[in-house]
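Step one of this worksheet: look at the structure below.
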Amino acid sequence: VSFDSFGDFIAMGGHAPYVWPAYAVTFAVLLGNVLLPLARLRRRLDDAAAHADADDDGGER
Amino acid sequence: VKWPQWLHRLGTPRHFFAMTTPAVPWLAVASVLLLGTGSVWGLAFAPPDYQQGNSFRIMYVHVPAAIVASHCYVMMAVAGLVLLVWRIKLSDLVIRAAAPIGASITALALFSGAVWGRPTWGAWWVWDARTTSVVVQLFLYFGVIALRHAFAEDARYGADDRGGRAAAVLCLVGAVNIPIIKYSVDWWLTLHQTSTFRLTEAPSMPPEMYLPLLVNVLGFYCVFALALILALRADIVLHERRTQWLRDYSATRGAGVAAAAAGGSR
């Protein structure tokens with residue numbers, strides 16, 4: 001480990017205001033890129049299953 | 001040219017859907033493991049840079065984002081070529097699904113670069129050759145998204161594919177920006193540092209700084225593949241919802257969920 005204590009790790013040698021937001025925003029955007037299409041996929045599969053018997057396709061979502 | 005059968009099948013939405021089903025959980029696990037390992041390694045264990053101190057740790061999210069953002073555009077250019085030459089409908093879906101992902105990752109590279117630039121260059125933003133060409137890339141992504149959506153969409157990929165072809169042309173034309181981004185740090189000796197990460201050369205860093213970066217680059221590729229596959233699957237479901245195979249799939253999926261809820265094994 002290149003830090004002496006957990007406090008030192010959090011402080012990042014004074015660069016905490018730059019390092020931590022960079023990581024936080026990165027992981028938030030990556031997570032969104034996975035979760036949004038996953039939610040879209042599930043919703044559309046549910047729609048397809050709900051309208052599987054009907055001739056109508058239930059509209060586009 | 002005789003293409004292998006699996007390649008033909010991969011170009012068909014139905015088979016692409018079937019072939020990517022088992023890949024999703026593996027990509028999710030690989031993404032979490034790689035990004036977790038690489039980030040903890042880079043944040044806590046890699047030694048501080050002798051000039052930049054700890055701000056250099058932003059590199060472990062900045063460089064992978066920049067690499068994947070550019071490679072996403074290259075992939076869209078290839079998909080555009082495939083669409084224009086062979087009219088393979090999946091490539092239109094690929095461009096449409098990849099463009100927002102690529103735009104968001106390009107924005108990430110710009111954001112982490114700005115946040116890294118403040119303590120290192122003394123400015124949030126500098127119109128350096130590299131930063132400028134990456135801003136151009138962001139607007140190319142916006143252009144592809146806007147162009148693709150500017151044309152009325154057909155319910156199935158079929159008849160009216162003007163939007164797809166227009167977007168494909170912009171993908172191909174915009175690809176000239178890729179070598180400009182790549183070599184901008186060599187052609188114009190401005191502020192952005194030159195490449196520190198090349199597959200073909202020995203790295204300019206010691207392994208304890210370099211290996212976490214390699215792990216995070218692989219992790220970013222896995223997240224990108226996962227996001228793209230999920231977005232494509234969602235679009236395929238939308239376009240194929242009237243077909244029998246999709247109705248069968250969605251029905252069995254519902255049955256599987258019901259069985260699992262009733263205590264049955266998956």
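Letters A, B, ... are given to chains in the order of the sequence lines, protein chains preceding strands, and every chain is numbered from 1. Since we're looking at a predicted model, the values are computed, not measured. All values below come from the heavy atoms of this structure, side chains included, with hydrogens, waters and symmetry mates left out.
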Using non-hydrogen atoms only, which part of [X] is less than 4.5 Å away from chain A: side chain, backbone, both, or neither?
X: B:A65; value: neither
X: B:I101; value: both
X: B:A109; value: neither
X: B:Q244; value: neither
X: B:I58; value: both

Which of [options] touches chain A most, by non-hydrogen pairs under 4.5 Å:
options: B:A231, B:S55, B:A28, B:A107; result: B:S55
options: B:A114, B:S112, B:S39; result: B:S39
options: B:P48, B:A97, B:S104; result: B:S104

- prompt: Yes or no on side chain to side chain contact (heavy atoms under 4.5 Å, CB included) for B:L43 and A:M12, after CA distance, side-chain angles and deciding distance?
  reply: CA-CA 9 Å; B:L43 278 169; A:M12 279 286 152; 3.9 Å; yes
- prompt: Would you call B:F224 and A:L30 a side-chain contact if the rule is heavy atoms closer than 4.5 Å?
  reply: no
message: Just so I know, are the side chains of A:S2 and B:E208 near enough to count as touching, which here means a heavy-atom distance under 4.5 Å?
response: no
statement: Comparing A:Y23, A:F3, A:F27, A:F9 against chain B, the one with the most heavy-atom pairs below 4.5 Å turns out to be A:Y23
query: Considering residues, nucleotides and ligands other than B:W26, do more than 12 of their heavy atoms fall under 6.0 Å from its CH2?
result: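 Not more than 12 within 6.0 Å, no.
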query: If you look at every heavy atom in B:N54 and A:G13, which pair is closest and at what distance?
result: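 For B:N54 versus A:G13, the nearest heavy atoms are ND2-N, 3.5 Å.
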- request: Mind listing the closest non-hydrogen atom pair of B:F111 and A:P21 along with its distance?
  value: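 Nearest heavy atoms, B:F111 then A:P21: CE2-O, 3.8 Å.
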- request: Under the side chain to side chain contact (heavy atoms under 4.5 Å, CB included) rule, what do B:H62 and A:T26 come out as? Steps first, then yes or no, please.
  value: CA-CA 9 Å; B:H62 173 74; A:T26 296; over 6 Å; no
message: With a 3.5 Å distance limit and no angle check, can you tell me whether A:R44 reaches the backbone of B:L238 through a side-chain donor-acceptor pair?
response: no
- request: Starting from the C-alpha separation in whole Å, work towards a yes-or-no answer on side chain to side chain contact (heavy atoms under 4.5 Å, CB included) for B:L230 and A:N33.
  value: CA-CA 9 Å; B:L230 287 172; A:N33 267 316; over 6 Å; no
- request: Tell me, with the steps shown, if B:V115 and A:W20 meet side chain to side chain contact (heavy atoms under 4.5 Å, CB included).
  value: CA-CA 10 Å; B:V115 171; A:W20 295 118; over 6 Å; no
query: How many angstroms lie between CZ in B:R241 and CG in A:L45, if you round to the nearest 0.5 Å?
result: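 Between atom CZ of B:R241 and atom CG of A:L45 there are 12.5 Å.
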